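Written below as structure tokens is the structure these notes are about.
What you are looking at is a predicted structure, and each value in this text was computed from that prediction instead of being measured. Numbers for residues simply follow the sequence, beginning at 1.
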Amino acid sequence: MSNFELKSTSCWQNLQKHYNEEMQTVHLRDLFKNENRFNEFSVSDDNIGITFDYSKNIINSKTFKLLMDFAKEAKINEYAKKMVSGEKINWTEKRAVLHTVLRNRSNNPVCVDGKDVMPQINAVLSKMRKFSNDLRAGKWTGFTGKRITNVVNVGIGGSDLGPKMVCEALKYYADVVNVHFVSNIDGADIYEVLKKLNPQTTLFIIASKTFTTLETITNALTAKQWLIDQLGDKAVVNHFVALSANVKKVKEFGIDENNMFEFWDFVGGRYSLWSAIGLSICCYIGFEKFVELLEGAYYIDQHFLNTPYEKNIPIIMAVLGFWYNNFFNASTCAVLPYSQYLHRFAAYLQQGEMESNGKTIDFENNRINYQTGPIIWGEPGTNGQHSFYQLLHQGTKFIPCDFIGYINPVKKVGDHHEKLMANYFAQTEALAFGLTREQVIANLNQAGFSQDDMKVLTNHKIFDGNRPTNSILISSLTAKTLGALIALYEHKVFTQGIIWRINSFDQWGVELGKVLANVILPELKNGSKNPHDSSTENLIKIFNSNK
Ligand code: F6P
């Protein structure tokens, strides 16, 4: 099927017609005249403690049916089964996509190239358990015999964002070890971390699937030199471990093979927090909590694979995103967790969604003629309310939002949680229903405004509403529910990739910048010259002559 044909399919055409004729102009105020709307458009799963309310979306029963028809036609379930059974669905890199097998708590065999990969996964998990238990118990010590109190994860992209987000999210459960994350090649990042640390009590985790990433290797070399300068060469073995798929490069770097925690080609970087890349999480909150994280994700894997489309949360999230992206022309999507602990969640999802679905070539290797992955952004509530929510409510952009909230706080502090959650509920209500001209006039009258003031103010105080939101309401923030939440988004991204008929698992788009930086680096270091456009050439000239 070519691109043109996808847009010409009856499923797409039906949605387009439905949008043009019915949904383009409908308002959530009218849709909510149906009193059964919440029951019709929400899914609750008491086993994991998640309610997904999607009733505040610009859909009716017909929209939902047409979106489900589209998803069925796209054969999401068939593709999902291909993924979890180890088929090489990442066709441009000829790789299987098996982050799900890392959390396969059933332990049933899963084969890649005819070989069951569960034994190797279990072996690495055991090694992670032993190492993190020893470290946390003070049995794994530094070179001078001192207990390790600080762990520094050196990695970037998927080797940083996932573990960092999880450590921040579950920080309440941390106890005996501090974690730090160094990712940026800007020397400021490692400088600011190292200046607080004592080499005798610091362990470096060098996290890189390829072990060739410029940022990570540069930071790792700086960390190694810092340690050697203070404790000598022999200390490296006590203070450096590696997480990688590249044994050769790890050894070349000078890290003992016994101190390497392996993962494999079938684990994509942005899906790797469930693998050895989660070692910093184990050190920080303990291996048992890491297993809970895996269990939560496994639970959602089963939900995704076995639940009918109509009740399947990731599929519903995906088709709603598709609906706005491809029919309402929404180009961004905000993710707004009402939890300070999730303050890195949007940053993590940016890689998960945008590196996965920021693509323009389809299943047949043709250029596509429709929109794919949206821009993902967000900040925790209520902070966002005091910065960008003005635009969400009254700006000219159409921005669907996900609101994530918790029923019980991890730690009760006075009445903070009720106040936080009052805002969580209020915002989706305000976005959906707004404030009409009549309501504004009535409010101004009641407040005693003059007719002149009312003339000026009325338009400014109207909220159009009709701004769609999903509400994800979770019992409490635990390792298990966090694992589940992350997996919901992973499978949403997967589903959208299939809908858009793209490869969600490669990332060729990050290559060109890396190649050009390697060309430019010697020009900055020793003044050598390469041909560039006049803008780049002059910028480099100014840099070199003023440094
Ligand atoms: O450049 C993008 C990328 O390849 C990501 O996909 C990946 O998560 C990141 O770089 C880090 O890669 P590595 O773990 O190999 O250092």
Going by the angle between their ring planes, with limits at 30° and 60°, are [X] and [Y] parallel, tilted or perpendicular?
| X | Y | result |
| --- | --- | --- |
| His18 | Trp323 | parallel |
| Phe328 | Tyr324 | perpendicular |
| His393 | Tyr389 | tilted |
| Phe327 | Tyr19 | tilted |

Just to verify, what does [X] make a ring-ring contact (aromatic ring centres under 6.0 Å, His included) with, not counting sequence neighbours?
| X | answer |
| --- | --- |
| Phe403 | Tyr338 |
| Phe425 | none |
| His417 | none |
| Trp91 | Phe363 |

Indicate whether any N or O donor in one side chain lies under 3.5 Å from an N or O acceptor in the other, for [X] and [Y].
| X | Y | answer |
| --- | --- | --- |
| Asn423 | Gln385 | yes |
| Glu40 | Ser61 | yes |
| Thr92 | Asn503 | yes |
| Asn153 | His180 | no |
| Thr428 | Lys56 | yes |
| Glu379 | His343 | no |

Side chain to side chain donor-acceptor pair (under 3.5 Å) between Thr216 and Asn219, worked out: CA-CA 5 Å; Thr216 302; Asn219 279 321; over 6 Å; no

How about [atom1] on [X], more than 12 heavy atoms from neighbouring residues, nucleotides or ligands closer than 6.0 Å, or not?
| X | atom1 | answer |
| --- | --- | --- |
| Asp175 | CG | yes |
| Gln350 | CD | yes |
| Glu418 | CD | yes |
| Lys412 | NZ | yes |
| Gln302 | CD | yes |
| Lys72 | NZ | yes |

Residue of the set Trp12, Phe322, Trp500 for which ring-ring contact (aromatic ring centres under 6.0 Å, His included) holds with Tyr370: Trp12

Pair Asn150-Thr202, side chain to side chain donor-acceptor pair (under 3.5 Å): steps then yes or no: CA-CA 5 Å; Asn150 286 276; Thr202 301; 5.1 Å; no

Do [X] and [Y] sit within salt-bridge range, that is, some charged N less than 4.0 Å from a carboxylate O?
| X | Y | answer |
| --- | --- | --- |
| Glu78 | Lys81 | no |
| Asp415 | Lys419 | yes |
| Asp113 | Lys88 | yes |

Sub-4.5 Å side-chain heavy-atom contact between [X] and [Y]:
| X | Y | answer |
| --- | --- | --- |
| Glu292 | Phe290 | no |
| Val182 | Val152 | yes |
| Leu125 | Val291 | no |
| Ser55 | Phe32 | yes |

Nearest-0.5 Å distance, CG of residue Asp160 to OG1 of residue Thr213: 11.5 Å

Ile277 side, atom CD1; Ile205 side, atom CD1 - distance, nearest 0.5 Å: 9.0 Å

Working for side chain to side chain contact (heavy atoms under 4.5 Å, CB included), residues Asp45 and Tyr299: CA-CA 11 Å; Asp45 187 325; Tyr299 184 87; 2.8 Å; yes

[X] to [Y] - nearest heavy-atom pair and separation:
| X | Y | value |
| --- | --- | --- |
| Thr478 | Tyr173 | CA-OH, 3.9 Å |
| Tyr54 | Ser42 | CE2-N, 3.6 Å |
| Asn133 | Phe287 | OD1-CB, 4.3 Å |
| Trp274 | Ile486 | CZ2-CG2, 3.6 Å |
| Phe52 | Ile472 | CD1-CG1, 3.8 Å |
| Trp377 | Thr332 | NE1-OG1, 3.0 Å |

Any residue meeting salt bridge (charged side-chain N to carboxylate O under 4.0 Å, His left out) with Glu355, in chain and number order, not counting sequence neighbours: Arg270

Apply the side chain to side chain contact (heavy atoms under 4.5 Å, CB included) test between [X] and each candidate in [options]; give the one that qualifies.
| X | options | answer |
| --- | --- | --- |
| Leu98 | Val110, Asn104, Ile121 | Val110 |
| Lys209 | Asp265, Asn246, Leu243 | Asp265 |
| Phe181 | Lys164, Met165, Arg344 | Lys164 |

Step-by-step salt bridge (Lys or Arg N to Asp or Glu O under 4.0 Å) determination, Asp506 to Lys359: CA-CA 9 Å; Asp506 59 13; Lys359 309 282 167 65; 3.0 Å; yes

Stepwise side chain to side chain contact (heavy atoms under 4.5 Å, CB included) check, Leu135 with Val177: CA-CA 9 Å; Leu135 185 111; Val177 171; 4.0 Å; yes

CA sep, side-chain torsions, deciding dist, call: Arg103, Glu490, salt bridge (Lys or Arg N to Asp or Glu O under 4.0 Å): CA-CA 13 Å; Arg103 58 216 192 196; Glu490 280 183 350; 2.8 Å; yes

Intermediate values then yes/no, side chain to side chain donor-acceptor pair (under 3.5 Å), Asn57 and Asn470: CA-CA 7 Å; Asn57 280 288; Asn470 291 317; 2.9 Å; yes

Ring-face cation of Lys75 near Tyr79 (centre distance under 6.0 Å, axis angle within 45°): no

Is it the case that the ring center of [Y] lies less than 6.0 angstrom away from the ring center of [X]?
| X | Y | value |
| --- | --- | --- |
| Phe131 | Phe261 | yes |
| Phe463 | Phe433 | no |
| Tyr489 | Tyr348 | no |

Residues that His491 engages under side-chain hydrogen bond (donor to acceptor under 3.5 Å, both in side chains), provided they are two or more places apart: Asp301

